[in-house]
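Bear in mind the structure is a predicted one, so any value in this text is a computation, not a measurement. Excluded from the calculations below are hydrogen atoms, water molecules and symmetry mates; all remaining heavy atoms, backbone and side chain alike, are included.
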Amino acid sequence: MTPAPDTPFTGMAGQGLGVSPDGLVRVGLLVPLSGPAAPIGQGLLNAAQMAAFDAADDRFVLQPYDTGGSPNGAAAAAQQALSQGAQVLLGPLFSGSTRAVGPVAARAGVNVVAFTTDASAAGGNVYVMGYLVDDQVDRVVRFALGEGRSRFGALVPNETYGQVATNALRRQVSARGGQLVSVQTYAPDNPDLREPARALSGADAILIPDAGDGLRAAVNGLAYVDIDAPRTRYMGTMLWDDPGLWRESALAGGIFPAPPRDSVRRFEERYKSGFGTPPPDLAVLGYDATALAAVLARQGGGPRFDRATLTSAAGFGGAAGIFRFRADGTVERGLAVMEVQSNGTVAEISPAPLSFSGGGSGAGF
């Protein structure tokens with residue numbers, strides 16, 4: 001199952017949950033079309049329209065609503081979508097808005113597939129579609145373990161994202177039989193990290209969940225105290241997926257997770273061809289969520305947006321790779337592992353899986 005955004009999304013057969021009196025299947029798209037996040041919201045809408053064109057039949061109606069980027073705006077948009085017959089809600093983008101929408105949709109018996117990356121917003125009738133830090137950390141930890149590395153460390157900024165990534169590292173290392181030897185934190189504006197770096201000398205794989213100047217300071221601090229590749233594997237998150245960082249010589253040999261490059265590139269090329277500009281980073285989520293809804297909308301007997309269908313063990317294949325929803329509403333993704341090269345490029349050294357272990361082949365498009 002190779003995801004390809006120019007191929008129709010195929011779904012699972014299932015018993016329908018009912019069709020509206022006019023025979024249409026209405027899907028509400030909740031995105032910020034005004035306010036500071038409007039460019040991202042417009043990108044999500046553009047991508048959703050692409051998916052509807054590619055994957056939907058004539059009964060499918062995509063109904064966009066502006067959340068304004070706020071919880072109150074999202075709740076009002078959800079109420080309007082539901083009053084106009086939406087049978088599933090895609091979005092909103094932010095975690096606070098997702099928490100505001102969940103109860104509104106729950107009262108109507110409708111499920112929500114949100115674009116947030118905050119796993120704590122999931123649960124009940126809410127499923128989160130964004131790239132979760134826990135999945136990203138798990139992917140690089142599994143790769144490092146497969147290389148024979150077992151002693152893990154972390155050099156992390158002392159802020160929320162660093163704390164989330166550290167907690168994920170603790171869980172994944174413990175669950176997979178590794179050892180966490182040291183976690184060192186630093187102020188994001190600290191340019192000299194030699195002292196915290198020295199405390200990581202016992203690790204053979206080190207997580208650095210940062211970007212920009214913070215990441216540069218971290219890897220240079222490690223290199224200064226002779227903790228460098230290939231003896232020690234630097235590991236990042238998707239924050240590293242930035243060509244501007246790859247020219248940092250001390251980062252060569254570091255790894256980070258990413259969606260499958262080829263299918264994402266095809267999506268980006270089609271988006272740019274259709275809209276004249278490259279898509280915002282999260283736009284592909286709008287494509288995959290809408291394609292998923294389009295498939296589930298045309299099931300035999302009627303649309304299937306229920307929990308059992310959304311949490312199918314086989315999962316689904318999209319432009320951003322395979323994904324499936326866990327029972328707790330969080331998403332599990334199939335990610336590739338990229339390695340930073342000494343020439344300032346990256347190479348895929350471990351491909352994204354094409355199916356989930358034990359779940360069979362997912363439905364794809």
What about F256 and L222, same hydrophobic cluster or not, with Ile/Leu/Val/Met/Phe/Trp/Tyr joined at side-chain heavy-atom distances under 4.5 Å?
yes
Summary of side chain to side chain donor-acceptor pair (under 3.5 Å) pairs that have at least one residue in residues 71-83, sequence neighbours excluded
none
Are the side chains of F275 and M50 in contact, using a 4.5 Å heavy-atom criterion?
yes
Of all heavy-atom pairs between R151 and G202, which one has the smallest distance, and what is that distance?
NE-O, 2.7 Å
Give the cluster check for L207 versus M238: same hydrophobic cluster or not, with ILVMFWY residues linked at side-chain heavy-atom distances below 4.5 Å.
no
Contact between Q172 and F152 at the side-chain level, heavy atoms closer than 4.5 Å - yes or no?
no
L239, F115: one ILVMFWY side-chain cluster at the under-4.5 Å cut-off?
no
A quick test of your reading: do over 12 heavy atoms of other residues, nucleotides or ligands sit less than 6.0 Å from CG of D281?
no
For P157 versus P188, what's the shortest heavy-atom pair and its separation?
CB-CG, 4.4 Å
For S95, is there any backbone N or O sitting under 3.5 Å from a side-chain donor or acceptor partner on D118?
no
Take Q136 and Y131 through the test side-chain contact (heavy atoms from CB on, under 4.5 Å) and record every step on the way to the result.
CA-CA 8 Å; Q136 297 174 46; Y131 300 110; 3.8 Å; yes
Test side-chain contact (heavy atoms from CB on, under 4.5 Å), reference F325, set V128, T309, T330, V113, output is V113
How long is the span from the CD atom in E339 to the CD1 atom in I349, to the nearest 0.5 Å?
4.5 Å
Which distance, rounded to the nearest 0.5 Å, do you find between the CD of E248 and the CG of D242?
12.0 Å
Any non-hydrogen side-chain atom of P32 less than 4.5 Å from a side-chain atom of L93?
yes
About how many Å separate CG of L282 and OG1 of T116, when rounded to the nearest 0.5 Å?
9.5 Å
Within a strict 4.5 Å, meaning less than it, do heavy atoms of the V346 and R261 side chains meet?
yes
Can you tell me how far apart OG1 (T345) and CE (M338) are? Round to the nearest 0.5 Å.
9.0 Å
Are any of the side-chain nitrogens in R266 or D262 under 4.0 Å away from the carboxylate oxygens of its partner?
no
Enclosure of R326 CZ (heavy-atom neighbours >12, cutoff 6.0 Å)
yes
A205 and R149 have their tightest heavy-atom pair at CB-CD, 4.2 Å
CG of D58: more than 12 outside heavy atoms within 6.0 angstrom?
no
Determine whether D54 and Y287 satisfy the following criterion, side-chain contact (heavy atoms from CB on, under 4.5 Å), listing intermediate values before the conclusion.
CA-CA 10 Å; D54 290 344; Y287 185 96; 2.6 Å; yes
Are L245 and R216 packed together at the side-chain level, in the sense that at least one heavy-atom pair is separated by less than 4.5 angstrom?
yes
Side-chain (R59) to main-chain (V25) donor-acceptor, under 3.5 angstrom:
no
Evaluate the side-chain proximity of L292 to F323: yes if any heavy-atom separation is below 4.5 Å, no if none is.
yes
Say whether, by atom type as modelled, one donor and one acceptor occur between the side chain of R324 and the main chain of A314 under 3.5 angstrom.
no
Find out whether L45 and L29 are in side-chain contact, i.e. whether some heavy atom of one side chain is under 4.5 Å from a heavy atom of the other.
yes
Polar contact flag, side-chain donor to acceptor under 3.5 angstrom, S120-R99:
yes
What closest approach, in Å, do G214 and L193 show between heavy atoms, and which atom pair accounts for it?
O-CD1, 4.5 Å
What do you reckon, is OH of Y161 surrounded by more than 12 foreign heavy atoms closer than 6.0 Å?
yes
Between A51 and A291, which heavy-atom pair has the shortest distance, and what is it?
CB-N, 3.7 Å
I206 CD1 to L200 CG distance, which is reported to the nearest 0.5 Å
4.5 Å
As a test of understanding, state which of L89, T98, V112 forms a side-chain contact (heavy atoms from CB on, under 4.5 Å) with L30.
L89
dist R333:CZ -> L132:CG (nearest 0.5 Å) comes out at 8.0 Å
Hydrophobic cluster identity match, V331 and V140, side-chain contacts under 4.5 Å:
no
Checking the side chain of N158 only, and the main-chain atoms of T185 only, is there a donor and an acceptor separated by less than 3.5 Å?
no
Stepwise, does the side-chain contact (heavy atoms from CB on, under 4.5 Å) test hold for R26 with L62?
CA-CA 6 Å; R26 301 180 185 278; L62 181 68; over 6 Å; no
Is a side-chain donor or acceptor of W240 paired with a backbone partner of I208 at a separation under 3.5 angstrom?
yes
Here the pair of heavy atoms bringing A203 nearest to T232 is O-OG1, 3.7 Å
Can Y186 and Q184 be counted as having a side-chain donor-acceptor contact under 3.5 angstrom?
no
Trace of the side-chain contact (heavy atoms from CB on, under 4.5 Å) decision for R142 with V337:
CA-CA 10 Å; R142 285 188 288 114; V337 175; over 6 Å; no
V181-V183 co-clustered via ILVMFWY side chain contacts under 4.5 Å
no
If only atom types and distance count, is the side chain of T311 paired as donor or acceptor with the main-chain N or O of R307 below 3.5 Å?
yes
Below 4.5 Å, heavy atoms only, C-beta onward: do I255 and F143 meet side chain to side chain?
yes
Is the closest side-chain donor-acceptor distance between Y271 and N46 under 3.5 Å?
yes
Under the side chain to side chain donor-acceptor pair (under 3.5 Å) rule, what pairs show up with a residue in residues 28-39, not counting sequence neighbours?
S34-D66
D57 side chain vs R298 backbone, donor-acceptor pair below 3.5 Å:
no
Derivation and outcome, salt bridge (Lys or Arg N to Asp or Glu O under 4.0 Å), residues D226 and R231
CA-CA 10 Å; D226 296 324; R231 181 174 58 87; over 6 Å; no
Determine, for R198 against E195, whether the closest basic-nitrogen to carboxylate-oxygen distance falls under 4.0 angstrom.
yes
